Amino acid sequence: MKTKWLLVSISVLTFVIVLFPGALSMRAQADAATRQMARDIFKQLIEINTTDSVGNTTDAAEAMAAWLRGAGFSDDDVQVLGPNPRKGNLVARIHGTNARKPVLFICHLDVVEAHREDWTMDPFQFIEKDGYFYGRGTEDIKEGDAILVTTFIRLKKEGYRPDRDLILALTADEEGGNFNGVAWLLNNHRQLIDADFVINPDAGDFEMDQGKKLTIGIEASEKLYQHYEIKAENPGGHSSLPRPDNAIYELAGGLLRLERYLFPFELNEVTREYFAREADIVGGATGADMKAILSTPPDPAAIKRLSFVPYYNSRMRTTCVATRVEAGHANNALPGMARANVNCRILPGHTPEEIQQQLVQIMADPKITVSPSTVIGAGSHPNPPSPLRPDVMDPIQHVAAAMWPGVPVVPLMDAGASDGATTRAFGMPTYGVPGVFIDINDDRSHGRDERLPVASFYEGVDFYYHLVRNLSSPQ
Ligand SMILES: [Zn+2]
């Protein structure tokens, strides 16, 4: 009996290994040589300055191209290209059987500025200390570049034959600059990076709190970012002779009406799924409220209660908030002008022009003008939520469950913007998958002494290796 069961077990085991290569070893770590290579690539990237002011992404792209060519990629399958010598992008490809359309992995090479005097160490020196890697870009997002390059090298060396092409694009100008790499590639070399869908490590949240892993947040939607100038003008005059009308009072009245205004409650596929899963995670009265806003019709009292929590509020509606004011020119003069900057985060499906008209109505004063103070479309592109496709979400769920059992996968809509807005606007569904866990109280991206836990980095190396295989293995 026991022998028979053993035989059955062995045959089941063989079946599993044949059908799901890598399935049983999913929790195994990369070997020492792979970890060292990942670290070396990461170090090299941190130490190449890719800021917009004095750095350039071409050096970083060329360095990554050299790693890939050294691992056996042909010159045809690794290219560095860009609009000018400082803004190079890397594009690499692993050929598959073409059973399915390609998957594109994007990650930016540029970093925000970092000044030596603001930091306690050189921001462009890679330092490992007390369980962290330090340096500009360790969190945003050169760890993602290093993990993806490492993954592509491993798969190439293994002679891996995916059922679809795997494309890697490491790009310029996500943080600033005028030549956004993803947009430039899509406008000029669409066929080089055209894909069924896109994975972007530079969005989403893998959250932990003092080492305890909380959630695996997959970003599938983004709000649109737009500034408006709200302005009142007046002939002004001497302050000893106040007129009945006054630019400061008019602007203040308009801003108070904005303060009291709530944009309509609205969910999309991604935020509905977010609240459905979050309801079970947080539980209690808040969890019950989340379930109540998902019913038809949604419970207005539950919407009102959740609206007091800025994070939840921002996932349920467009928000517009005054961020700066400026008015008057002298202490003894009536103000000739009063203006405010209002920053809006617009839900997918709504346009900046539409929100401008709504602001005019909210101001409800013909003396107040509302105009876009940034070029519409400059900050981010209007982009639809990406559908939560099983062929994307199931592999993520599968790898996450094997590596971090019990940590829930939750789809997210970001209130900020990433290059995913661009790829979505060009018709490619895009999913933000960081792969590395960051402590919720230690997010230093764009800040001083930016750092990433060493353990998170190597887990990311393992996670992405299995994820890429699961997204591209014959089913
Ligand atoms: Zn970033």
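Computed from heavy atoms alone, side chains included, the values below leave out hydrogens, waters and symmetry copies. Order of listing sets the numbers, starting from 1, for every ligand and every atom in it. Fair warning: this is a prediction, and the values are worked out from it, not measured in the lab.
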Cut-off under 2.8 Å, centre the Zn ion (ligand 1), protein N/O/S atoms: H108 NE2, D140 OD1, D202 OD1, D202 OD2

Aromatic plane relationship, F73 with F152 - under 30° parallel, 30 to 60° tilted, over 60° perpendicular: parallel

So, the side chain of D173 versus the backbone of N178: is there a donor-acceptor pair under 3.5 Å, distance only? yes

Lys/Arg N to Asp/Glu carboxylate O, R448 vs D118, below 4.0 Å: no

Set of residues satisfying side-chain contact (heavy atoms from CB on, under 4.5 Å) with respect to S373, sequence neighbours excluded: H227, E229, N341

Do K213's NZ or CZ and the ring of F206 fall within the cation-pi criteria of under 6.0 Å and 45°? no

State plainly whether the residues R116 and D122 are in salt-bridge range, i.e. N to O under 4.0 Å. no

